[in-house]
Amino acid sequence: MQKERLWSGSFVAACGANFLMFFTFYMLLPILPMYLIEQFETTKSVSGLILSSYTIMALLFRPFAGFMVDSFPRKPLLIICYAFFISYFGGYMLAGALAVFALLRATHGMAFGMVTVSVNTVAIDIMPAARRGEGIGYFGVSTNLAMAIGPMVALLIHDATPNYNWVFATAFGVGLLGLFVASRIKGTKTEAVGAKQTLSLDRFLLLKGVPGAVTTLFLSFVYGVLSTYVAVYGTEEVGLTSGTGLFFVSLSGGLVVSRLVSGQLINRGYLTQVSKAGMAILIVSFLCFAYFRHPLPFYGCGFAIGVGYGLLCPTLQTMFINLAHHNQRGTANATYLTSWDFGVGSGVLLGGVIAQQTSYATAFLLGTALLGIGLLLFFFWSGPYFERNKLR
């Protein structure tokens with residue numbers, strides 16, 4: 001039997017729009033801690049508090065985003081959310097006071113929460129059901145490529161000029177291009193898919209996804225520490241004078257390679273097995289990353305961490321989707337992303353506090369311990385629960 005076509009023009013456009021959106025997101029991650037310290041002379045803990053507000057606001061608005069995506073036409077909603085998201089990069093260039101920047105960063109998280117749920121749900125709408133696991137894997141590659149290129153471009157701009165506005169302006173221009181690409185998506189659901197349903201808690205939160213959500217927040221904590229503080233960790237504790245941007249290339253290389261494999265395994269039904277393998281790889285990789293503070297393991301562990309998350313993330317998202325009815329697809333995505341963001345936001349906030357009192361290596365070790373708890377929860381609770389309650 002011939003496979004249904006996955007790589008339609010709209011799926012390519014969705015991947016492109018997602019790549020450009022996350023490119024702007026990842027551009028700012030490694031430079032914002034330095035920006036706050038250099039421009040406003042903040043401490044590590046204050047910097048962590050401001051940066052974590054982005055993720056906290058994103059997770060607070062995720063359930064509302066899921067409700068919106070399941071209740072209103074998805075393509076117009078995506079365009080509105082995308083435009084709202086990129087407008088903030090212009091605001092950063094005008095923020096002359098710490099309080100203004102903190103307010104912008106927090107509310108930008110709200111826009112991020114809306115646009116990510118929208119673009120993920122639109123992309124899943126476009127995928128053939130029989131190739132959804134594969135499609136989620138490939139769609140995630142666009143995020144991983146942005147993770148590799150975005151920080152590297154930002155750090156190159158930072159090295160070339162002390163003016164951070166060049167980074168913000170580049171992100172704004174790339175975002176405008178992403179908005180145009182998003183407008184080329186066709187074939188999405190245009191009806192209000194949930195408008196006739198009774199308003200209830202499960203319109204905002206996938207109740208069947210609670211065990212997976214609790215597990216996911218333990219698994220994403222250390223990623224919050226890594227994504228925000230790796231450049232500072234490489235400089236202050238590993239001893240690198242340059243080249244921290246290459247870490248994201250190494251990380252993304254592992255993500256891309258493993259996602260290309262994980263998609264095929266998901267389609268064959270090996271969801272829980274692939275998840276467990278990804279968690280085990282992450283635990284070993286982060287232990288080495290924290291203990292061996294040398295350039296070679298710094299980059300090598302980056303690749304291995306990428307492999308671990310490349311196996312784990314698409315399987316987790318597919319599990320949420322497979323627990324939900326089709327008219328709860330937005331809610332399922334929102335529940336998954338909310339739990340992910342809760343863990344990431346906690347890592348960003350507590351990572352800065354722990355580093356202030358001890359070191360970034362200690363923050364990574366705490367995150368590794370939480371990974372171990374996540375593995376146990378998955379093995380004994382959320383994994384078996386999924387097998388009993390999955391719809392497809």
Side-chain angles (χ1 to χ4, degrees), residues 133-134 136-141 143-145 147-148 212 214-230 233-234 238 246-320 336 339-340 343-344 347 351 360-361 363-383 386:
E134 186 182 357
I136 289 174
Y138 288 133
F139 184 75
V141 168
T143 303
N144 303 147
L145 291 175
M147 183 190 297
V214 173
T215 303
T216 299
L217 68 88
F218 279 96
L219 301 174
S220 60
F221 177 94
V222 71
Y223 186 80
V225 181
L226 181 76
S227 61
T228 304
Y229 300 112
V230 66
Y233 172 69
V238 180
L246 292 176
F247 174 86
F248 289 95
V249 177
S250 179
L251 178 73
S252 299
L255 281 162
V256 170
V257 169
S258 57
R259 274 188 179 271
L260 295 177
V261 174
S262 63
Q264 299 290 339
L265 294 174
I266 289 171
N267 285 345
R268 295 175 185 174
Y270 298 111
L271 274 171
T272 56
Q273 295 92 329
V274 174
S275 296
K276 292 172 186 175
M279 293 177 217
I281 291 171
L282 286 173
I283 291 171
V284 174
S285 301
F286 273 110
L287 283 173
C288 294
F289 187 70
Y291 275 115
F292 301 109
R293 304 177 203 180
H294 186 273
L296 186 59
F298 180 80
Y299 295 116
C301 289
F303 182 85
I305 291 168
V307 170
Y309 276 119
L311 293 174
L312 181 62
C313 292
T315 55
L316 288 176
Q317 186 175 11
T318 303
M319 289 170 69
F320 279 83
Y336 164 67
S339 59
W340 178 267
V344 169
Y360 286 111
F364 286 123
L365 289 175
L366 172 62
T368 306
L370 295 180
L371 273 172
I373 295 174
L375 176 58
L376 292 175
L377 287 173
F378 187 90
F379 195 89
F380 292 106
W381 183 34
S382 56
F386 168 76

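Distance check, rounded to the nearest 0.5 Å: OG1 of Thr216 to CZ of Phe221 gives 15.5 Å. Atom OH of Tyr270 sits about 14.0 Å away from atom NZ of Lys276, to the nearest 0.5 Å. Distance OH/Tyr360 to CG/Leu226: 12.5 Å, rounded to 0.5 Å. Once rounded to the nearest 0.5 Å, the distance linking CG of Leu311 with CD1 of Ile266 reads 9.0 Å. The distance from atom CG of Leu316 to atom CZ of Phe386, rounded to the nearest 0.5 Å, is 10.5 Å. Between Ile373 atom CD1 and Thr368 atom OG1 the span is 11.5 Å, to the nearest 0.5 Å.
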| task | Start with the C-alpha gap between Phe378 and Thr272, add the side-chain angles, then the distance that decides, and say whether side chain to side chain contact (heavy atoms under 4.5 Å, CB included) holds. | result | CA-CA 9 Å; Phe378 187 90; Thr272 56; 4.1 Å; yes

| Yes or no on side chain to side chain contact (heavy atoms under 4.5 Å, CB included) for Ile305 and Tyr223, after CA distance, side-chain angles and deciding distance? | CA-CA 9 Å; Ile305 291 168; Tyr223 186 80; 5.7 Å; no

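In terms of heavy-atom proximity, Ser262 sits nearest to Pro314 at OG-CG, 3.5 Å. In plain terms, the two heavy atoms of Ser250 and Gly302 that are nearest each other are OG-C, 3.8 Å. Nearest heavy-atom pair, Cys301 versus Cys288, reported as atom, atom and distance to 0.1 Å: SG-CB, 3.5 Å. Here the closest heavy-atom approach between residue Ser258 and residue Gly306 is recorded as OG-O, 3.6 Å. Ser220 and Trp340 make their closest contact through OG-O, 2.9 Å (heavy atoms, listed as atom of the first residue, atom of the second, distance).
With Leu219 as the partner, the side-chain contact (heavy atoms from CB on, under 4.5 Å) test is satisfied by one option alone out of Leu312, Leu370, Leu375, Leu377: Leu312.
In this structure, Tyr233 and Phe364 have perpendicular ring planes: the angle between them is above 60°, well past the 30° mark.
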Using atom types as modelled, flag every donor-acceptor pair under 3.5 Å from a side chain in residues 277-285 to any protein atom, sequence neighbours excluded.
unit_1, atom_1, unit_2, atom_2, d
Ser285, OG, Ile281, O, 2.7

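Taking the side-chain hydrogen bond (donor to acceptor under 3.5 Å, both in side chains) definition, one finds that Ser252 meets it with nothing, sequence neighbours left out.
Within the structure, salt bridge (Lys or Arg N to Asp or Glu O under 4.0 Å) contacts touching residues 308-318 (residues at least two apart or in different chains) do not occur. Sorted by first then second residue, the side-chain hydrogen bond (donor to acceptor under 3.5 Å, both in side chains) pairs that include residues 303-319, not counting sequence neighbours, are Asn120-Gln317, Ser275-Thr315, Gln317-Asn333. Applying the salt bridge (Lys or Arg N to Asp or Glu O under 4.0 Å) definition to pairs two or more places apart or across chains, those involving residues 283-312 are Glu237-Arg293. Each side-chain hydrogen bond (donor to acceptor under 3.5 Å, both in side chains) pair with one or both residues in residues 373-383, not counting sequence neighbours, appears once here: Thr215-Ser382.
Aromatic pair Phe289/Phe298: ring centres closer than 6.0 Å.
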